[in-house]
Amino acid sequence: MATLIEAETPDVLGPAAPKRGTGGVGRYILVRFLLIFPTIFILVTLVFFLMRITGDPITAALGGRLPQDQLDARIHEAGYDRPILVQYFEYLGQIATGNFGTTLSDRRPVVEMLATFGTATLELAINSLVVALLIGIPLGMIAAHRRDRTPDALLRFFAILCYATPVFFAGLLLKLTFSVALGWLPVSGRASTSTELAMSQLAAPSGIYWLDAIRSGNYQALGDIAAHAVLPAVALGLLTAGVFLRLVRTNLIGTLGKDYVEAGRSRGVSEFRLVTKHAYKPALIPIITVMGLQIALMLGGAVLTETTFEWKGLGYQLAQYLTARDFVAVQGIVMLLAVIVAVTNFVVDILAAVIDPRVRY
Amino acid sequence: MTINLGNISDGPRDAGAPVLDIERLKVTFATDAGDVHAVKDVSLDVKAGEVLAIVGESGSGKTVTAKTILGLLPETATSSGTVLIKGNNVISVSPATLRKIRGRDVAMVFQEPSTALNPVFTVGWQIAEGIRAHAVDGHRISAKEAKARATEALRKVGIPDPEIRVNYYPHQLSGGQKQRVVIAAALALNPGLIVADEPTTALDVTVQAEILQLLRDLRDKYGTSIVLITHNMGVVADLADRVVVMYQGDVVEEASARTLFAEPKQDYTKKLLAAVPHLGRDSASEGATARLHQGGKVLVEAKDLTIEFPGRLGTPGFKAVNGVSFTVSENEVFGLVGESGSGKSTIGRAIAGLNRVTGGSLKVFGYEMLGFKERSFKPLRKDIGFVFQDPAASFNPHLTVGECIAEPLLIHTHPSPEQARLRVSQLLESVQLPASYAARYPHELSGGQRQRASLARSLALNPRLLIADEPTSALDVSVQAKVLELFRDIQEEYGFAALFISHDLAVVDMLSHWVGVLFKGRLVEQGIGSQIMGAPSQDYTKRLIASLPVPDPEEQALRREAHRALLGT
Amino acid sequence: TGPSGGTPSNGASGAASTIAYGTTDKVTALDPAGSYDNGSFMVMNQIFPFLLNSKPGGADPVPDIAESASFTKPTEYTVKLKSDLKWANGHTLDSKDVKFSFDRQVKIKDPNGPSSLLTNIASISTPDAQTVVFTLKLANDQTFAQILSSPAGPIVDDEVFPADKLLSDDGIVKAKAFHGQYTIESYNKNTLISLKPYADYKGVLDKAANGGATIKYYTDQSNMKLDIQQGNLDVANRSLSATDIEDLKKDSKVKVHVGPGGEMRYIVFNYNVMPFGAKTADADPAKAHAVRQAVANLVDRQAIADQVYKGTYLPLWSNVPSGFLGANESFKDLYGQDGKPSEDKAKKVLADAGVTTPVTIKLQYNPDHYGKSSGDEYAMVKDQLEKSGLFKVDLQSTEWVTYNSASKADTYPVHQLGWFPDFSDPDNYLTPFFPKGGFMNNHYSNAEVDKLISKQLTESDKATREKDIQDVQKLLAEDISTLPLLQGAQVAVAGTSVKGVESTLDASFKFRLGSVSK
Amino acid sequence: MSETTTAAVPPPAPRKAPLLDRLPVTSHIRQSVGLQRTMLLIGITLTGLFLLAAMFAPLLAPYGYAQISDAAGTFPAQAAPGGKHPWGTTVGGYDVLSRVLWGSQTAATVIVVSVAMSIFVGVALGLLSGYFGGWLDRVLVVIADAIYAFPSLLLAIVMSIVISQGQSSFWGGILACSISITVVFVPQYFRVIRAETIRLKAEPFVESAMVVGASSWRIMGRHIFKNATRTLPLIFTLNSSEAILTLAGLGFLGFGIEPTSAAEWGFDLNKALADASSGIWWTGVFPGVAIVLTVLGLTLVGESMNDLNDPRLRGRRAAGNKRSGKAKTKAGRP
Ligand SMILES: Nc1ncnc2c1ncn2[C@@H]1O[C@H](COP(=O)(O)OP(=O)(O)OP(=O)(O)O)[C@@H](O)[C@H]1O
Ligand SMILES: Nc1ncnc2c1ncn2[C@@H]1O[C@H](COP(=O)(O)OP(=O)(O)OP(=O)(O)O)[C@@H](O)[C@H]1O
Ligand SMILES: [Mg+2]
Ligand SMILES: [Mg+2]
């Protein structure tokens, strides 16, 4: 779980904002973009070595079935007993040529595996992000505006409760209430069997079910997909909503205390407009930055949500592959996650730069 | 909710009635440490077309009074009394009415233009926001019309090409322009009254002169009344018709500007006026015809000194100091003046090894600072003292004053604890602080006391050279006067050489034997202090001196006339 | 019914309805050469032909796509194929495919594949399109028929599969290289498989009793449980937790079907490092034996089966589980009292051997490979051993990969293992374990045991073989190389209207979707 | 400019205040008012209960964490709350109340160990990196950012696999979890301390030490360290709650500590999943609520401290509250 500490960005538009310079925004984007690569490289390296010192996939799969000499023979055949550096450079070489390999434990091309599960996780992330934004931002505004009054206290309590409840516990409670006891919503999965079949028969599916359903005009399926999406999105969304609420509140309170808000007030601008416009837009810059970091939190939470709701996505799959010591798959997923996080942060930086006019010149 | 202590309203007023009438205003803040009575009993009024100045030392309640006028006090404040604007008592009106009053009947100009403007909206939008917040003749103003009016307001305050600049973001404007925008926003709805809280404090003197001129023009052209809050007596002398002196939340004296400066009645006012440095009076180089103290060794020698800060991400660097040559000899006080950003601090810091020299030559005690090594320079450090601008920030909040003062001793002379304590007491005494203050923490001292302690620390090792970077600019005038006096005495007693940095010409003149004027990293002029102040040879120096208002309305009026051409207003 | 629309209806044919089957197993690969696990084998059973297969209700291999199959010489096993066999893609299925299938497995030798089951094959020849002759290294291998119906046995299309490498699942599905009760209609790996009956199926099994089937994969068993309760599934098979099963038994909308199981759980003693083991400081074979006997006397299998597994596992009294040829209850006879633990007997063996008590035992189990309940199971074992005061148990657990390597490296004196048979033959519980070089590497060796095991393997007379197997069990129970604890049952939960589940829960451990209908 | 820099280093509490009042939490209670104080007090109460449970688990818990039988025989499995087992028993026959109480001990130990380790490593690296800058700084920043960018729970899983192999004893399990969490936290501390160090390095009081000729070590140790670690108590509480959540997440996914080694809430919740859908609520609800309340308590304390440390966010009582009853106007703020 990423941290609440991050929810704090003490200085709105602080010195961290790139300065006006001859380089301009183009250079800024380029540098930010190039920074993605070391991140990925480091993570992949880290995971490679970590995975390899913990054992091999063959033992994981067949350990209880074969005598040790046969296991050793198979391990030798697969080349897992060669010096680890040799394997490492070989692996780097493969990646460099775009060959990500085939998973060891369930024999899927890594790229295809990532496409399948990545889109599922993406869908979950989008759904819960929508929930988080819809809940977190307006409530955060209310809390900041009514600070230190009862609504603020209640909202902050709510925010902390959201954060304090482990996703899987929240998911379990939601499931027991809304699916088992009340029977309003399905228990688990991304869609019911018939919808899944309909989805798998589409010609060029995007993998994001609701998008596919809309594109194929299958509105019955869309309803089914929506029903399935509610609980996981709420479970994961609430966790993030708590952080967003706090984030919006803190930063809004920060900007609400700025002279320019006071200046707006001194000109007779209404309190509502001060909160939603004058203070909110500058507050948005750190908010967006930290929200980017929340992507990491969301992906972490996704593991737990996916498990609880049978949502076949990257997070859950990663836990499975780890157990199977399927390092090819694990490295593939780690790389994708790293790319997602890095790209998100990149996009967020760009977004923040767009909002902050000082970066543009 | 309010108990109005004063009369609530005495009906419609005649034409000569004051635009603002404050009666028995009282404001109290709740704080962690208990209630703060910021304003105790203030009554004043402002007539149409009048500039009323409120002066007083820091914390005397000026800003709080100003904010009360617009109903801008924070929630922790409780206020009573009446503040009447066009028949409305700001203290007791409903929030909706208050919002209508703000901007339409009374507007505010803030101290720091860069923080008073929202960095993510265009200046035009920000001015238009104020316009659109008020219905005119019962209908809302369209965005387009508001923008047109904003452009008009920008034109009024003398922003060139307002049609273009209306779409600029604040960071695209200079400090002076920003302050003009803030004033334009205040003017947008033609309020009868503008409250300006230290409108020029954050600006350079030359820019200050322009803004003061603008305010004067507004009053003259549109008959706008102005409440001018400032601690700068020069500004008061330049602009104010009437002056209210505040001291600890109370009004101690009220008089017309001329009367006040000519014959102050209250002791406090007298003291305040006496503490204000006055250009041309009390110069350290009074009567000197040649450079003083040239007999001794040259301690600092700069030749074509260039200091360049590297640019970020491959952008070209920034030359903060460009080809500067000067010397500082034993016993000499070298004053360095110039506007903000001209490179004064950079030079001072380079001498102390805090900034790297990138070109030319800088010799400190004969040691070449170009490409200096901390290790070889370290032994020389005990001969250099440094006094920082902000006394509060230059002490480690976790160490006692005594520990801070003893630190240089511990590093260079390794004294026994007893010796160290003794030396600390001596030092404190020499800066006229009780020895018992050694046990206090920095925040337990007042600003002036802290700056004295800072001076004591810099003197701990009997340095041969002292660098003082704006040592008094964070202090009140009265406190500043004391610290400056102390500095002068100690310098005479110890006889160290000093590089004295300040943006205040009068202060520099008071202390320095030899003065250098910096402009954009170049030393445009150097010479004997009294001569430079009296008869500057360079245009820039002339403008600088002309911009500085002197704390005497009569004299300032004359100076203003005399320099009108030079200031280009 | 749940809002997700209940069971999928088979709109296309309008005939018999589709069966929805749920499992928490996983498919490694559909290619028989690349997988050796239950999840993959379950699917293969629906879509690939075998030379020999078992019919619902039994585990005896009978010709599947073969017409006949038997030893024609002690080292020659001849299979005659049915004629006019066709793959679903129209390719012919003949002896070439058969030879290709087995040669390929051996050649690819995939790390995850079952090629090790085929070590007894010396060569394969195809005198004609209908005949396949296996030449064996070991004469009269009694398990060979079973091996042909094991995970190593599926026959694949030689025109589709590459000879030297694996074919991807999607490749198989696209090429329609099927000949089973079903073909795969749509395939979403480890998420959803949709199967359609194969009209030209010529194997031993009946035509599919339903109009098609879907296999839904679960990652969390409680979700599967909820789905079967809500009617989104017709059958839920491996693996529901004991709690779930107990709860489902109370649910009137579903029925819990139980069949014999081949899965077993046991404790391994490492003869080198166990207390008084050969490589310990106070090595003493007699004392070590006494310790094993004392443990055998103290464990209460019934209590574990009831408390932890709620009857989904049963006590296991011998190294060969009940239901297999020759299985007996040798441990029940020798240890404890009528199936109950006996502290007195345990005390006595230890005292007789001169062992000072309490004996400290390092007991290891693995928490992630044999189901979530291992922890509870071994907490009970520890409790049972310590209650007597004869043992102090240092219970530890280790994650699977490390556990597996360490268990064979003489690191764990006493540890948990489990076994799921490759095929339904008692030999599968003997040969892999006890002869020298068995996979447990626990340094047990008993020449007589070795002899009997290799004898029964090639004993063609059933009665004699049964006797041999019984004798081995007796010897093993005396030595206690491993201590059998529990035998799993097959459990499938189905809607009350679902028929045919019972019949496929047999000792072959093959779930045949074609038997199920509703 | 100078104003903002001064504001950044708020003076410590007055020297003469008694020691008790200067401690992080107590000083915060004194500062707080109204709702803020209520939230802080709720937080402190919950955290206090948690700590008490952790300290006195051996005394409070009726049974051991791995106990499944007593003199009267084996405990029943999944017994409903009541009688000998006030909160019922689990599928394995463990007493839920005892496991929840013992679980607090595990959680507390993991928090202390992991946060202590991450503070130590993070602070040291942050100080060095921020102070010396250069390539060391750049490399550390890139590494920290990379680790930080990676979802922490996943990183913890990887680490726990790496570390926990072979270890399931109480300390083995605790250390495995703690180290996994440490790896996740170090970049956070590193970032915070590094940023503070860089900021402080430009502070006049540090520069004044530099011009006096103090060595780098002296500056770091005497001037920067104390000022940079000002926010640590706050981060400590917030990270503690995160540590619990990470531990619970690990346990939930089956990478936690086995029940015979220690009681662990997340692990118990994981085990309770199957129970929950069978109407056996007590095995899941109690550990779940324990997690929620503990995290809630710690977060409330941390957040309140944060708000109180930040003058912008600190609420104050209205002036003259002591003299109640007197009519007064709150300054207009529509
Ligand atoms: N929000 C507040 N909370 C508590 N006390 C306050 C607040 N604002 C101002 N004060 C106190 O009120 C008193 C008057 O402050 P004010 O800002 O009016 O001084 P000032 O005369 O404007 O000083 P300066 O010249 O430094 O601007 C001071 O003691 C100050 O500490
Ligand atoms: N570390 C730095 N990096 C880049 N530019 C710098 C740095 N420090 C100072 N500058 C720039 O160098 C120029 C001179 O700065 P300096 O601080 O010497 O001005 P100053 O004359 O002391 O001004 P002030 O009166 O405001 O203190 C300014 O334009 C400033 O922006
Ligand atoms: Mg003020
Ligand atoms: Mg400066």
Using non-hydrogen atoms and a 4.5 Å limit, figure out which bit of [X] sits close to chain A: side chain, backbone, both or neither.
X	value
Ser186(C)	side chain
Lys189(C)	both
Asn441(C)	neither
Asp31(C)	neither
Ser115(C)	both

Aromatic ring pairing Trp419(C)/Phe433(C), orientation class (parallel under 30°, perpendicular over 60°, tilted between):
perpendicular
Ring geometry between Phe178(A) and Trp184(A) (parallel below 30°, tilted from 30 to 60°, perpendicular above 60°)
tilted
Side chain to side chain, Val27(C) and Asp169(C), heavy atoms closer than 4.5 Å:
yes
Heavy-atom pairs under 4.5 Å with chain A: which of Asp170(C), Leu192(C), Asp37(C) has the most?
Leu192(C)
Name the option with the most non-hydrogen atom pairs under 4.5 Å to chain A; the candidates are Leu166(C), Asn188(C), Leu30(C).
Leu166(C)
Do you know which of Thr116(A), Thr102(A), Thr103(A), Val187(A) has the most heavy-atom pairs with chain C at a distance under 4.5 angstrom?
Val187(A)
Candidates Ile172(C), Ile193(C), Ile215(C) - the one meeting side chain to side chain contact (heavy atoms under 4.5 Å, CB included) with Ile184(C):
Ile193(C)
Could you tell me whether a side-chain N or O of Trp311(A) sits under 3.5 Å from a main-chain N or O of Ala120(A), the two making a donor and an acceptor?
yes
I'd like to know if the side chain of Thr177(A) and the backbone of Leu173(A) have a donor-acceptor N/O pair within less than 3.5 Å.
yes
Given heavy-atom pairs under 4.5 angstrom as the criterion, report whether the side chain, backbone, both or neither of Thr308(A) touches chain C.
backbone
Salt bridge check, Asp110(C) against Lys165(C): does any charged N sit closer than 4.0 Å to a carboxylate O?
no
